[in-house]
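These notes are about the structure you will find just below.
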Amino acid sequence: MEKDLLKRIDTYKQDVIDLQTHMIACPAISPSQGGLGEADKAAYLLSVLKKMKFDEVSVINIKDPQAKVGVRPNLVAKYYGKNRQKTLWIMAHMDVVPAGDLSLWKTDPFKAVVKGDKIYGRGSEDNHQGIVSGLLAVKAFMDQGVRPPCNFGLLFNADEEIGSQRGLLAILKTQKGLFGKEDEFIVPDGGVEDATMIEIAEKNMLWLKFTVMGKQTHGSTPHSGLNAHLVSAHLLMALDQALHKKFNKKSPLFAPESASTFEATKREANVPNVNTIPGREVFYMDCRILPCYTNKQVLAEVHRVVKQVEKKFKAVIQVETPINDVSKPTDKNKTVVKLTQAAVKQVYHNQPRIVGIGGGTVGAYLRNVNYPAVVYAKLYETMHQPNEYSSIKNTLGDAKVFVLIAMHFK
């Protein structure tokens with residue numbers, strides 16, 4: 001039976017091209033980035049879902065006055081399995097980022113261009129490939145008349161690129177009965193070219209904003225002021241030393257960045273001329289913290305160092321946290337983790353690794369409410385770039401991976 005399902009997927013090349021062509025032509029860009037949202041793409045995908053043999057199809061509209069028709073649609077479809085109490089979900093997002101500098105594109109970003117195995121266009125890989133792989137996996141079940149052991153669900157989200165407030169986060173908040181206690185998730189929105197990365201954990205994310213207040217004065221009379229730029233330099237070096245020393249554990253799950261990272265990043269402009277000592281300095285740090293530590297612990301150390309520097313220089317330093325996110329890991333022994341690893345190995349003949357990452361995905365939102373989730377796809381990692389493309393072969397291969405997982409998901 002499995003061999004017949006996989007052979008069926010091999011016949012879906014034109015389906016990949018057709019689905020991508022229609023979706024690429026619908027620029028589902030967030031209103032906050034100058035677009036109208038996902039309405040057109042969702043309408044097309046909804047028509048596709050309704051033509052297939054799903055047992056349930058629904059739309060979850062989240063209000064957004066700036067979007068077309070005033071909502072951000074999220075699509076849900078479910079194909080029943082023999083056990084209807086448990087669902088394997090494939091979750092992908094419909095929204096895309098803007099095309100960016102059009103002069104860097106060799107093709108129209110919103111018109112699909114097929115060149116051999118590659119389909120060019122904005123969103124083709126991020127995240128259309130995941131949408132198509134999920135659709136074709138369940139299409140194979142339907143075409144072969146096969147019911148998997150448990151339900152096979154598709155969730156196509158809005159707003160992932162801008163934080164999921166009108167996507168997954170809103171769904172988790174308002175649709176309490178949508179997911180069952182035993183449900184598990186695959187998020188095909190991250191991966192590597194050789195398909196060896198299966199992500200089950202993310203570092204906690206903490207962005208810090210420091211505002212150092214001194215006293216502005218002329219560059220020739222530093223004694224009459226307090227150089228906020230100099231204070232911030234001392235603060236930054238003290239933070240770098242203290243944080244790396246105190247939070248120094250390593251985890252092989254997160255290799256090569258196996259330790260927590262504390263990186264100085266953005267610095268805002270201060271004075272416009274060289275001969276003025278600045279009285280105000282603003283800089284930022286991006287902290288990615290291993291799950292064995294808490295953001296609260298890191299913040300406590302940050303405030304300790306800040307107080308020391310304030311006392312030394314008699315300055316006033318304000319600390320803000322633009323982002324303060326935590327992420328629970330998925331247990332590597334969960335069903336979806338083991339089955340994904342086995343299915344990827346079978347389809348691509350490789351040795352997939354269970355890993356953690358420093359970046360953030362929507363998988364974290366699921367894990368934080370205790371749903372097991374893996375982030376996996378076979379990608380060329382062209383997302384957000386000019387000339388973004390996806391691979392037809394990868395799309396069909398991942399559809400096979402999803403079928404194999406579903407066939408053993410009990």
**OP:** Could you please spell out the steps behind the side-chain contact (heavy atoms from CB on, under 4.5 Å) verdict for Lys328 and Val326?
**Re:** CA-CA 7 Å; Lys328 297 179 181 179; Val326 298; over 6 Å; no
Kindly give the heavy-atom pair with the smallest separation between [X] and [Y], and that separation in Å.
| X | Y | result |
| --- | --- | --- |
| Ser327 | Ala364 | OG-CB, 3.5 Å |
| Arg280 | Ala228 | N-CB, 3.6 Å |
| Pro352 | Ala195 | CB-O, 4.2 Å |
| Val375 | Gly363 | CG2-CA, 4.5 Å |
| Ser32 | Ile162 | OG-CG2, 3.8 Å |
| Pro148 | Ala406 | CB-O, 4.0 Å |

Would you mind listing every salt bridge (Lys or Arg N to Asp or Glu O under 4.0 Å) that reaches into [range], with sequence neighbours excluded?
| range | value |
| --- | --- |
| residues 94-107 | none |
| residues 341-355 | none |
| residues 334-344 | none |

So, using side-chain hydrogen bond (donor to acceptor under 3.5 Å, both in side chains) as the criterion, who are the partners of [X] when residues are at least two apart?
| X | result |
| --- | --- |
| Asn74 | none |
| Gln351 | none |
| Glu2 | His408 |

So, [X] and [Y]: side-chain donor and acceptor under 3.5 Å apart, yes or no?
| X | Y | value |
| --- | --- | --- |
| Asp398 | Tyr348 | yes |
| Asp159 | His93 | no |
| Arg288 | Thr261 | no |

Subject >> Aromatic ring pairing Phe402/Tyr376, orientation class (parallel under 30°, perpendicular over 60°, tilted between) >> reply: perpendicular
Quick check against the 3.5 Å criterion: does [X] have a side-chain atom that pairs as donor or acceptor with the backbone of [Y]?
| X | Y | value |
| --- | --- | --- |
| Arg122 | Gln385 | yes |
| Asn127 | Pro188 | yes |
| Lys203 | Leu290 | no |

Subject >> Note: Asp64-Arg72 ion pair, threshold 4.0 Å (strictly below) >> reply: yes
Subject >> Presence of salt bridge, Glu281 and Arg267, under 4.0 angstrom >> reply: yes
Subject >> Which residues share a ring pair (Phe, Tyr, Trp, His ring centres under 6.0 Å) with Tyr79, sequence neighbours left out >> reply: none
Subject >> Derivation and outcome, side-chain contact (heavy atoms from CB on, under 4.5 Å), residues Thr330 and Val337 >> reply: CA-CA 8 Å; Thr330 291; Val337 179; 3.8 Å; yes
Please tabulate, for side-chain N and O atoms in residues 306-313, each donor-acceptor pair with protein atoms closer than 3.5 Å (sequence neighbours left out).
{"residue": "Glu310", "atom": "OE2", "partner": "Ile317", "partner atom": "N", "Å": "2.8"}

**OP:** Return each pair, listed once, that meets ring-ring contact (aromatic ring centres under 6.0 Å, His included) where at least one residue sits in residues 103-123; pairs must be two or more places apart or across chains.
**Re:** Tyr120-Tyr389
Original post:
What residues, two or more places apart in sequence or in another chain, satisfy salt bridge (Lys or Arg N to Asp or Glu O under 4.0 Å) together with Glu161?
Top reply: none
Original post:
Should we say atom CD of Gln85 is surrounded by more than 12 heavy atoms from elsewhere, each under 6.0 Å from it?
Top reply: no
Original post:
Got a sec: does the NZ of Lys246 have more than 12 other heavy atoms crowding it under 6.0 Å?
Top reply: no
**OP:** Not counting sequence neighbours, list each pair that qualifies as a side-chain hydrogen bond (donor to acceptor under 3.5 Å, both in side chains) and has a residue in residues 174-183.
**Re:** Trp89-Asp183
Original post:
Which pairs with one or both residues in residues 131-152 pass side-chain hydrogen bond (donor to acceptor under 3.5 Å, both in side chains), sequence neighbours excluded?
Top reply: Arg8-Gln144, Tyr12-Asp143, Asp55-Arg147, Thr87-Asn151, Lys139-Asp143
Subject >> Separation of Arg166 CZ from Ile62 CD1 (nearest 0.5 Å) >> reply: 9.5 Å
